[in-house]
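Since we're looking at a predicted model, the values are computed, not measured. Chain letters run A, B, ... following the sequence lines, proteins first, then strands; residues in each count from 1.
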There are 2 protein chains.
Amino acid sequence: MLSAALDDTMLALSDSTRRAILQRLAAGEARVTELAAPFAMALNAVSKHIRVLERAALVKRRKAGREHFLSLNPAPLNQAADWIEHQRNLWNDRLDALERALAEHDD
Amino acid sequence: MLSAALDDTMLALSDSTRRAILQRLAAGEARVTELAAPFAMALNAVSKHIRVLERAALVKRRKAGREHFLSLNPAPLNQAADWIEHQRNLWNDRLDALERALAEHDD
DNA sequence: CCATTATTCAACCTATCGGTTGAATATGTT
DNA sequence: AACATATTCAACCGATAGGTTGAATAATGG
């Protein structure tokens with residue numbers, strides 16, 4: 001789990017257009033034009049967003065003729081979730097320790 | 001859960017220095033200078049990283065004299081985890097539906 | 001062959017990032 | 001008062017983000 005991979009994943013997730021694209025892809029693969037349709041921006045901008053998602057490996061591309069089908073790759077999402085979960089565990093462990101210390105102090 | 005808040009949170013998490021700062025803060029509050037010590041960069045750079053974390057509300061500041069004590073605020077981390085978890089559920093639901101469809105097709 | 005469709009590439013623009021240095025501001029110490 | 005410490009502010013820098021427009025490339029359909 002390279003730190004740079006997590007950088008790329010989190011950065012990719014830091015834009016609402018890209019998060020919406022991922023959400024759409026959870027329902028199944030889609031072409032670039034389909035992905036771009038809901039957004040008030042040029043197709044080129046969406047094409048760039050997809051490239052950011054690909055850099056993070058959140059999305060993979062299958063070319064069929066002139067059409068490019070994008071689909072979700074959940075692995076980096078899992079890594080991001082793992083990092084956050086790890087942080088929450090550290091945090092909770094410390095809070096538990098504090099509680100125990102306070103309880104002892106009350107004895 | 002404003003989308004812009006999630007933007008800020010994910011962006012804050014997209015830099016390894018900032019992730020390391022959060023990890024350090026999971027062990028308890030720390031001053032700016034203490035947070036900066038492990039890094040090969042000027043104190044000012046770390047001060048800026050802290051500002052990014054504050055913008056995302058991942059960190060809160062308590063001033064005691066000339067010292068600023070930073071501590072973790074886990075709420076935005078939870079929101080980020082929720083978003084990712086939601087995506088994973090969508091994804092898994094769809095895969096389950098696919099499996100069921102395949103099973104029926106085999107009958 | 002020609003026109004249309006799907007997509008990327010390239011150049012450009014403005015804004016922000018992540019770092020620097022130097023100065024300012026507060027607070028603490030002697 | 002003078003000095004040192006903790007921190008931010010301000011200006012600058014090169015690199016990247018996120019968008020645009022226009023042209024290139026590739027595949028499809030008449």
Side-chain angles (χ1 to χ4, degrees), chain A residues 2-25 28-71 76 80, chain B residues 2-25 28-71 76 80:
Chain A
L2 278 182
S3 182
L6 204 45
D7 286 11
D8 287 345
T9 300
M10 294 296 194
L11 183 66
L13 296 180
S14 74
D15 180 274
S16 67
T17 300
R18 288 191 293 264
R19 287 197 304 274
I21 290 173
L22 290 178
Q23 186 141 15
R24 162 64 186 82
L25 289 179
E29 66 176 11
R31 294 178 306 131
V32 176
T33 309
E34 290 165 3
L35 289 176
F39 301 110
M41 66 181 69
L43 181 69
N44 272 354
V46 174
S47 178
K48 279 186 170 191
H49 280 304
I50 293 172
R51 223 164 22 117
V52 174
L53 291 168
E54 279 187 295
R55 183 173 64 193
L58 281 161
V59 140
K60 65 186 215 290
R61 186 186 300 256
R62 174 177 68 83
K63 298 183 189 177
R66 64 183 163 181
E67 296 170 312
H68 297 200
F69 288 91
L70 286 311
S71 59
Chain B
L2 279 182
S3 182
L6 203 45
D7 287 10
D8 288 344
T9 300
M10 294 296 194
L11 183 66
L13 296 180
S14 74
D15 180 275
S16 68
T17 300
R18 288 191 294 264
R19 288 197 303 275
I21 290 173
L22 290 178
Q23 186 140 14
R24 163 64 186 82
L25 288 179
E29 65 176 12
R31 295 179 304 129
V32 176
T33 308
E34 289 165 3
L35 289 176
F39 302 109
M41 66 182 70
L43 180 69
N44 272 356
V46 173
S47 177
K48 279 185 168 192
H49 279 304
I50 292 171
R51 222 161 27 115
V52 174
L53 292 168
E54 278 188 294
R55 183 173 63 192
L58 282 161
V59 140
K60 64 186 215 293
R61 186 186 300 257
R62 173 177 70 83
K63 298 185 189 175
R66 64 184 163 180
E67 296 168 312
H68 297 201
F69 287 91
L70 287 312
S71 59

**Q** Whether A:His68 contacts C:dA6 is assessed here as follows: a side-chain N or O lying under 4.0 Å from the phosphate OP1 or OP2. Is that the case?
**A**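 No, because none of the side-chain N or O atoms of A:His68 sits under 4.0 Å from OP1 or OP2 of C:dA6.
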**Q** A:Leu70 CG to C:dA6 C1': how many Å, rounded?
**A** 13 Å
**Q** Output the rounded distance in Å from NZ (B:Lys63) to C1' (D:dA6).
**A** 12 Å
**Q** Working to the nearest 0.5 Å, report the span between CG of A:Asp8 and CG of A:Leu58.
**A**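 Separation between the atoms: 9.5 Å.
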**Q** Between A:Asp15 and B:Leu11, is there a side-chain heavy-atom distance shorter than 4.5 Å?
**A** no
**Q** D:dT7 P sits how many Å from B:Arg62 CZ, rounded?
**A** 12 Å
**Q** When you check the phosphate oxygens OP1 and OP2 of D:dA17, does a side-chain N or O of A:Arg55 lie under 4.0 Å from one of them?
**A**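 For A:Arg55, the contact criterion (side-chain N or O under 4.0 Å from OP1 or OP2 of D:dA17) is met.
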**Q** Please tell me if A:Arg66 has a side-chain N or O lying less than 4.0 Å from either OP1 or OP2 of D:dT25.
**A**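 No, because none of the side-chain N or O atoms of A:Arg66 sits under 4.0 Å from OP1 or OP2 of D:dT25.
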**Q** Given D:dG19, D:dT7, C:dA6, identify the nucleotide with an atom nearest to the side chain of B:Glu67.
**A**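 Within the option list, the nearest is D:dT7.
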**Q** Measure the spacing between CD1 of A:Ile21 and CG of A:Leu53 and express it to the nearest 0.5 Å.
**A**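 One finds 5.5 Å between CD1 of A:Ile21 and CG of A:Leu53.
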**Q** Please state how far atom CD1 in A:Ile50 lies from atom P in C:dT7, giving the value in whole angstrom units.
**A** 8 Å
**Q** In whole Å, I'd like the distance from the CD1 atom of A:Ile21 to the P atom of D:dG18.
**A**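 Rounded to whole Å, this separation is 11 Å.
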**Q** Look at the side-chain N and O atoms of B:Arg18 and state whether any lies under 4.0 Å from the OP1 or OP2 oxygen of C:dG18.
**A** yes
**Q** Charged N to carboxylate O below 4.0 Å: is that the case for B:Glu29 and B:Arg62?
**A** yes
**Q** More 5' along DNA chain D: A:Met41 or A:Ala64, using each one's nearest nucleotide?
**A**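 Here A:Met41 is the residue nearer the 5' end.
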**Q** The side chain of B:Lys48 lies closest to which of these nucleotides: D:dG19, D:dT20, D:dA11?
**A**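 When the side chain of B:Lys48 is considered, D:dA11 is the closest of D:dG19, D:dT20, D:dA11.
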**Q** Round to the nearest Å and state the distance from A:Leu43 atom CG to D:dG19 atom P.
**A**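 Going from A:Leu43 (CG) to D:dG19 (P), I get 13 Å.
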**Q** Any idea which of D:dG19, C:dT8, C:dG19 is nearest the A:Val32 side chain?
**A**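 Of the options given, the side chain of A:Val32 lies nearest C:dT8.
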**Q** Between B:His49 (NE2) and D:dT8 (C1'), how many Å, whole number?
**A**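 Whole-Å distance recorded here is 16 Å.
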**Q** Whole-Å distance between C:dA6 C1' and A:Arg61 CZ?
**A**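 From A:Arg61 CZ to C:dA6 C1': 11 Å.
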**Q** If you find the nucleotide of DNA chain C closest to B:Asp15 and the one closest to A:Glu54, which residue's nucleotide is nearer the 5' end?
**A**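 So the residue in question is A:Glu54.
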**Q** Tell me which nucleotide among C:dA6, C:dG19, D:dT21 gets nearest to the side chain of A:Asn44.
**A**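 So the nucleotide nearest the side chain must be D:dT21.
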**Q** Below 4.0 angstrom from OP1 or OP2 of D:dT7, is there any side-chain N or O of B:Ser47?
**A** no
**Q** Between A:Arg61 (side chain only) and A:Arg51 (backbone N and O only), is there a donor and an acceptor less than 3.5 Å apart?
**A** no
